[in-house]
Amino acid sequence: MTEKNYKKEDIIKIAKEQNVRFIRLQFTDLLGTIKNVEIPISQLEKALDNKMMFDGSSIEGYVRIEESDMYLYPDLSTWVIFPWVVEDRIARLICDIYLPDGRPFPGDPRGILKNALKEAEDMGFTAMNVGPEPEFFLFKTDENGNPSMELNDQGGYFDLAPMDLGENCRREIVLTLEEMGFEIEASHHEVAPGQHEIDFKYADAIKAADQIQTFKLVVKTVARQHGLHATFMPKPLFGVNGSGMHAHQSLFNGSTNTFYDESDKLGLSATARYYMAGILRHARAFAAITNPTVNSYKRLVPGYEAPCYVAWSASNRSPMIRIPASRGLSTRVEVRNPDPAANPYLALAVMLKAGLDGIKNKMQLPPPTDRNIYVMTEEEREDQGIPSLPVNLKVALEEMLRDDVICDALGDHALAHFIELKEIEWDIYRTQVHAWEREQYLTLY
């Protein structure tokens, strides 16, 4: 999105000129869900003065009822008017969360990412650039507007109409995003029927996470206008590819990409190699954040293009980390295991902290894996020191709790609440009787 350095007076003036009647003060809960407090235009000035309060005890993973008062501090650069409402227009501002005493709320995901970026800045890196690739599925809705399990097309990778019946919807999503300031680089049908991807230009980490949240909102809104339901569920269907959210990332110092070294045969600097080593070292621990649902681990299985193994390569797409071909300013690391159910602020924070730990400790990067890992035996993987990602959410949570770097990235407040919420999720899943079990066992026993 185009960066705008709005002042308070600019926003008040634009709101009046554009007939904005309501403003959504948006923020993100611990699980990555967008929340908002909608205010009438008469309250805009109060909001811009950081005086709007809300009840934090009603938000997932925030605080107990006896400590519920919180303040919304709008980030003025995130001001945008929603293009899909013509009359009585609605605008939004993304907010940081503060406590009544003026301190940042330690459980605010956006604030957690800012803390990680501050550590990077202290180490001499002025920016973490991120290019996210969130994929999604489009399902038809029934006569009541509820999602069905019927896909709206049977298209495949890069297919066009008539195979890709989502083309018009996807095109309108792109136009809406562009109207909201996104720089769209590509949009296409993905491998699975009903699956789509829209790529937008990289940005600094905070802006990229904001964009992911805005992107999800736009995709769901436009899909609904087309009688479709868009889902960012990682694996909605058995037997086809799931949806990932590959995260391209690099660290800059001013205008210098610290990941690039023209003298290296792969064009990778020592900094890039240390960073990748840190990512690999902590991958099993940060999976609970980058792949945060029970369903996430149904995607991370062999045979569906999702990475299952903790390895890297300059070209091979089966490892968790790939190095895209571009060099110079575009030299970057593509981490392929995150999925779009992840809270983007937390996901970027834990990956950044993992990479910084690699740089601080000058971790040695293992050799690249240029073979297809999916066809390697377990013994071959062990010989080459290639571990697997966690097989389920429970294992991922256990790995995270053993890793001080990832726990520190979240902070005590967010960590405790996240673990509590996810252990409840796992326990509900573990004790539920699923359709597969009835199909397998009801008549057999």
Side-chain angles (χ1 to χ4, degrees), residues 6-8 11 22-40 42-79 91-122 128 204-210 212-214 288-289 292 342-350 352-353 400-401 404-422 424:
Y6 290 115
K7 295 187 178 70
K8 174 183 164 181
I11 289 174
F22 296 94
I23 297 93
R24 290 182 184 169
L25 304 176
Q26 289 185 348
F27 57 99
T28 297
D29 74 8
L30 202 56
L31 298 181
T33 305
I34 298 173
K35 302 291 183 179
N36 72 149
V37 175
E38 187 167 275
I39 59 171
S42 60
Q43 298 297 301
L44 176 58
E45 196 159 349
K46 180 181 176 183
L48 296 174
D49 288 335
N50 302 329
K51 292 178 180 175
M52 291 302 301
M53 292 178 66
F54 75 101
D55 178 7
S57 67
S58 60
I59 304 301
E60 204 72 86
Y62 269 38
V63 288
R64 299 185 302 271
I65 198 158
E66 62 269 25
E67 51 187 17
S68 59
D69 289 344
M70 299 205 169
Y71 282 87
L72 294 162
Y73 282 33
D75 180 338
L76 304 193
S77 71
T78 65
W79 167 265
R92 78 95 205 269
L93 285 160
I94 294 175
C95 301
D96 295 305
I97 311 299
Y98 278 73
L99 299 169
D101 62 7
R103 289 180 299 129
F105 169 50
D108 175 19
R110 203 168 187 260
I112 288 168
L113 176 54
K114 285 185 174 182
N115 291 339
L117 290 165
K118 176 68 170 64
E119 182 176 331
E121 189 180 333
D122 291 343
M128 177 197 194
D204 68 81
I206 291 288
K207 191 170 161 190
D210 289 345
I212 291 167
Q213 294 299 76
T214 302
I289 300 296
N343 181 322
Y345 302 101
L346 298 184
L348 294 181
V350 294
L352 175 57
K353 287 280 279 191
M400 182 168 72
L401 284 171
D404 291 343
V405 170
I406 303 306
C407 290
D408 180 65
L410 297 176
D412 292 342
H413 186 285
L415 177 66
H417 284 82
F418 185 84
I419 291 291
E420 180 185 4
L421 291 167
K422 288 298 164 180
I424 291 169

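This is a predicted model, so every value here is computed, not measured. The basis for the numbers below is simple: all heavy atoms, side chains too, and nothing from hydrogens, waters or symmetry mates.
Between D210 and R110 there is a salt bridge, since a side-chain N of the basic residue sits under 4.0 Å from a carboxylate O of the acidic one.
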Taking it one step at a time, do L415 and M400 satisfy side-chain contact (heavy atoms from CB on, under 4.5 Å)? CA-CA 10 Å; L415 177 66; M400 182 168 72; 3.9 Å; yes
Verdict with supporting geometry, K114 and D96, side-chain contact (heavy atoms from CB on, under 4.5 Å): CA-CA 10 Å; K114 285 185 174 182; D96 295 305; 2.8 Å; yes
Evaluate the side-chain contact (heavy atoms from CB on, under 4.5 Å) criterion for residues T78 and T214: first the C-alpha distance (whole Å), next the side-chain angles of each, then the deciding distance (0.1 Å), finally the verdict. CA-CA 10 Å; T78 65; T214 302; over 6 Å; no
Test log, rule side-chain contact (heavy atoms from CB on, under 4.5 Å), inputs I23 and W79: CA-CA 10 Å; I23 297 93; W79 167 265; 4.2 Å; yes
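Annotation: the span from D108 atom CG to T28 atom OG1 amounts to 8.0 Å, rounded to 0.5 Å. Summarising the geometry, atom CG belonging to N115 is positioned 11.0 Å from atom CG belonging to L410; distances are rounded to the nearest 0.5 Å. If you take CG on L44 and CD1 on I39, they are separated by 6.0 Å, rounding to the nearest 0.5 Å. Taken to the nearest 0.5 Å, the CG atom of L117 stands 5.5 Å off from the CG atom of L352. Remark: I97 CD1 to Y71 OH distance equals 13.0 Å, nearest 0.5 Å. Distance CD1/I289 to NZ/K422: 8.5 Å, rounded to 0.5 Å.
Under the salt bridge (Lys or Arg N to Asp or Glu O under 4.0 Å) criterion, E38 pairs with R24, not counting sequence neighbours. Scored by the salt bridge (Lys or Arg N to Asp or Glu O under 4.0 Å) test, E45 finds K8 as partners (sequence neighbours excluded).
L30 has its side chain within reach of L346: a pair of non-hydrogen atoms, C-beta onward, lies under 4.5 Å apart. Within the 4.5 Å cutoff, no side-chain heavy atoms of C95 are placed close to those of N50. Counting heavy atoms from C-beta on, the side chains of D204 and M128 never come closer than 4.5 Å. For the pair L72 and L93, the minimum side-chain heavy-atom distance is 4.5 Å or more.
The shortest non-hydrogen separation linking P344 to A209 is CG-O, 3.8 Å. Pairing each heavy atom of I112 with each of A409, the nearest pair is CG2-O, 3.2 Å. Closest approach of D29 to P109, counting heavy atoms only: O-CG, 3.6 Å. Closest of all the heavy-atom pairs between A342 and P292 is CA-CG, 3.7 Å.
For the pair Q213 (side chain) and G32 (backbone), a donor-acceptor distance under 3.5 Å is present.
The ring pair (Phe, Tyr, Trp, His ring centres under 6.0 Å) test with Y73 is passed by exactly one of Y98, F27, F105, F54: Y98.
Sorted by first and then second residue, the pairs that involve residues 405-419 and meet salt bridge (Lys or Arg N to Asp or Glu O under 4.0 Å), not counting sequence neighbours, are K353-D408.
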